[in-house]
Amino acid sequence: MKITIIGNGIMAQSLALGLARTYEIQMIGRDIKKLQLIKEKLPSIEIKQLEDKEDISGKNILFCVKPFALESISARLVGEANSLISILAGTTLDFLRKNIKAKSYIRAMPNIAASVHQSMTTLVGDLDEKKLANEIFSKIGQTVWLNTEYQLDIATAVAGSGPAFLALIAEALADAAVKEGIERHIANHLVQGLFLGTSLLLKESKPSFIKDSVMSPGGTTAAGYAALEEYGVRNAMIKAIESSYGKAKELSKK
């Protein structure tokens with residue numbers, strides 16, 4: 001099957017990298033020089049500069065532009081796509097239907113781990129395309145089909161923005177190790193192993209069980225955990241999700 005990706009940003013490139021093993025990929029964008037650079041990294045994909053009247057008839061479209069660019073890009077699309085899968089944060093199915101013609105519509109929120117086939121992708125939309133959407137995104141990681149669009153906006157804050165939040169924590173842990181006297185390359189290696197091992201544990205156990213398993217009475221973990229609570233790390237994470245979700249709701253009203 002051929003998938004046409006409209007957009008050539010970081011997320012579009014991550015998806016192309018993840019999907020190119022399984023599907024024929026066409027990438028359409030406005031910047032031909034950028035497309036050519038992507039082609040050098042991914043020789044198997046087809047690239048094409050967006051035309052003033054870009055015919056999408058019968059295509060399976062993966063729409064990967066910035067939300068603010070939707071109307072300017074959609075004005076240049078003609079014909080009716082077979083399916084339209086949008087990864088635009090906060091952009092509703094109704095708004096997509098008003099701007100782009102397609103037989104079916106799906107909203108998806110993958111994350112940047114698509115490039116290493118470990119995306120956590122949430123999906124919502126027309127049920128007749130549920131199987132296709134799950135099939136496509138299962139090639140780059142795990143998928144979850146949600147009941148409503150508002151759930152997708154919450155999931156966007158967790159799984160979509162989450163890699164940035166976890167990257168901040170990873171960086172802070174490494175910085176702390178360096179501060180206390182470990183070389184940077186060793187600190188980074190420790191954190192990489194920590195995240196990999198913990199992710200596997202989370203597949204089998206609840207976070208609270210992992211925490212309780214590590215935290216001995218009066219021990220080092222308990223001391224560190226108390227510091228995290230004192231400085232509001234838990235609340236900061238809650239506020240981060242709340243703020244990201246709020247931004248998604250704000251985008252959906254435009």
Side-chain angles (χ1 to χ4, degrees), residues 1-116 119 121 123 125 129 132-133 136-137 139-140 152 156 160-161 163-164 247-248 250-254:
M1 187 175 71
K2 185 174 185 178
I3 297 174
T4 296
I5 298 175
I6 297 181
N8 51 222
I10 297 298
M11 196 63 237
Q13 292 178 51
S14 294
L15 289 168
L17 188 62
L19 293 171
R21 292 184 184 180
T22 307
Y23 300 104
E24 182 182 352
I25 301 295
Q26 178 187 50
M27 181 176 283
I28 299 176
R30 288 179 287 188
D31 188 339
I32 189 61
K33 290 183 179 179
K34 192 170 184 179
L35 288 169
Q36 288 168 344
L37 290 173
I38 296 169
K39 174 74 171 177
E40 290 177 10
K41 298 177 185 177
L42 274 173
S44 66
I45 71 168
E46 173 191 343
I47 59 171
K48 184 177 185 292
Q49 188 168 24
L50 182 70
E51 298 180 0
D52 288 335
K53 291 187 177 181
E54 186 69 48
D55 190 1
I56 60 171
S57 298
K59 293 184 176 181
N60 296 305
I61 302 292
L62 193 48
F63 203 54
C64 302
V65 304
K66 298 294 185 184
F68 67 81
L70 184 149
E71 291 177 277
S72 63
I73 298 295
S74 63
R76 299 169 69 172
L77 305 180
V78 297
E80 183 181 46
N82 180 54
S83 62
L84 179 76
I85 302 175
S86 167
I87 69 164
L88 279 61
T91 304
T92 66
L93 292 167
D94 282 344
F95 195 71
L96 292 168
R97 291 187 181 102
K98 290 175 182 176
N99 284 275
I100 303 172
K101 290 184 179 179
K103 293 179 180 177
S104 62
Y105 298 82
I106 296 288
R107 282 184 64 190
M109 185 46 61
N111 64 37
I112 199 169
S115 62
V116 290
S119 176
T121 304
L123 302 160
E129 287 300 303
L132 174 65
I136 290 172
F137 287 98
K139 299 296 189 297
I140 54 169
L152 186 77
T156 296
S161 301
K247 184 64 175 180
E250 179 186 324
L251 290 170
S252 69
K253 294 175 182 177
K254 293 183 179 180

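Sequential numbering from 1 along the given sequence is applied to the chain's residues.
Partners of Thr4 according to the side-chain hydrogen bond (donor to acceptor under 3.5 Å, both in side chains) rule, which considers only residues two or more places apart in sequence or in another chain, are Gln26. Applying the side-chain hydrogen bond (donor to acceptor under 3.5 Å, both in side chains) test to Asn82 and every residue at least two apart in sequence or in another chain returns Asn60. Partners of Glu129 under the salt bridge (charged side-chain N to carboxylate O under 4.0 Å, His left out) rule, at least two apart in sequence or in another chain, do not exist in this structure. Residues passing the side-chain hydrogen bond (donor to acceptor under 3.5 Å, both in side chains) test with Ser86: none are found, sequence neighbours excluded. Take Ser57 and apply the side-chain hydrogen bond (donor to acceptor under 3.5 Å, both in side chains) test, not counting sequence neighbours, and it matches Asp55.
Nearest heavy atoms, Ala89 versus Thr156: CB-CG2, 4.4 Å. For Val65 against Gly7, the heavy-atom pair with the smallest separation is CG1-CA, 4.2 Å. For the pair Glu54 and Gln49, the tightest heavy-atom approach, listed with the atom from each and the gap, is OE1-O, 3.8 Å.
For the atom pair Thr22 OG1 and Ile136 CD1, the distance stands at 10.5 Å (nearest 0.5 Å). The line from NZ of Lys139 to CD1 of Ile3 is 9.0 Å long, rounded to the nearest 0.5 Å. Between Tyr105 atom OH and Leu93 atom CG the span is 9.5 Å, to the nearest 0.5 Å. To the nearest 0.5 Å, atom CD1 of residue Ile25 and atom CE of residue Met1 are 8.5 Å apart. A distance of 11.5 Å separates CG of Leu152 from OG1 of Thr92, quoted to the nearest 0.5 Å. To the nearest 0.5 Å, atoms OG (Ser44) and CD (Glu24) are separated by 9.5 Å.
A 4.5 Å side-chain heavy-atom check between Cys64 and Leu15 finds at least one atom pair inside the cut-off. Side-chain atoms of Phe63 and Ile100, non-hydrogen and from C-beta on, do get closer than 4.5 Å to each other. Contact of the Leu84 side chain with the Ser104 side chain is not registered, since no non-hydrogen atoms from C-beta on lie closer than 4.5 Å. With a 4.5 Å cut-off on side-chain heavy atoms, Leu123 and Phe137 count as touching.
Within a 6.0 Å radius of NZ in Lys48, more than 12 heavy atoms belonging to other residues, nucleotides or ligands are found.
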Step-by-step side chain to side chain contact (heavy atoms under 4.5 Å, CB included) determination, Ile61 to Ser83: CA-CA 6 Å; Ile61 302 292; Ser83 62; over 6 Å; no

Atom pairs and distances, donor-acceptor, side-chain atoms in residues 67-81, under 3.5 Å, two or more places apart:
{"from": "Ser72", "atom 1": "OG", "to": "Ala69", "atom 2": "O", "distance (Å)": "3.0"}
{"from": "Ser74", "atom 1": "OG", "to": "Leu70", "atom 2": "O", "distance (Å)": "3.0"}
{"from": "Ser74", "atom 1": "OG", "to": "Glu71", "atom 2": "O", "distance (Å)": "3.1"}
{"from": "Arg76", "atom 1": "NE", "to": "Glu51", "atom 2": "O", "distance (Å)": "3.4"}
{"from": "Arg76", "atom 1": "NH2", "to": "Leu50", "atom 2": "O", "distance (Å)": "3.2"}
{"from": "Arg76", "atom 1": "NH2", "to": "Asp52", "atom 2": "OD1", "distance (Å)": "3.4"}

Side-chain donor-acceptor pairs under 3.5 Å in residues 32-40, sequence neighbours left out?
{"from": "Lys39", "atom 1": "NZ", "to": "Pro43", "atom 2": "O", "distance (Å)": "2.8"}
{"from": "Lys39", "atom 1": "NZ", "to": "Ile45", "atom 2": "O", "distance (Å)": "2.5"}

Only pairs under 3.5 Å count here: list side-chain donor-acceptor contacts from residues 107-114, not counting sequence neighbours, and write none if there are none.
{"from": "Arg107", "atom 1": "NE", "to": "Thr91", "atom 2": "O", "distance (Å)": "3.0"}
{"from": "Arg107", "atom 1": "NH1", "to": "Glu149", "atom 2": "OE1", "distance (Å)": "2.9"}
{"from": "Arg107", "atom 1": "NH2", "to": "Asp153", "atom 2": "OD1", "distance (Å)": "2.9"}
{"from": "Asn111", "atom 1": "OD1", "to": "Ala113", "atom 2": "N", "distance (Å)": "3.0"}
{"from": "Asn111", "atom 1": "ND2", "to": "Ala159", "atom 2": "O", "distance (Å)": "2.9"}

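Residue pairs meeting the salt bridge (charged side-chain N to carboxylate O under 4.0 Å, His left out) criterion with at least one member in residues 89-106, sequence neighbours excluded: Asp94-Arg97, Arg97-Asp126.
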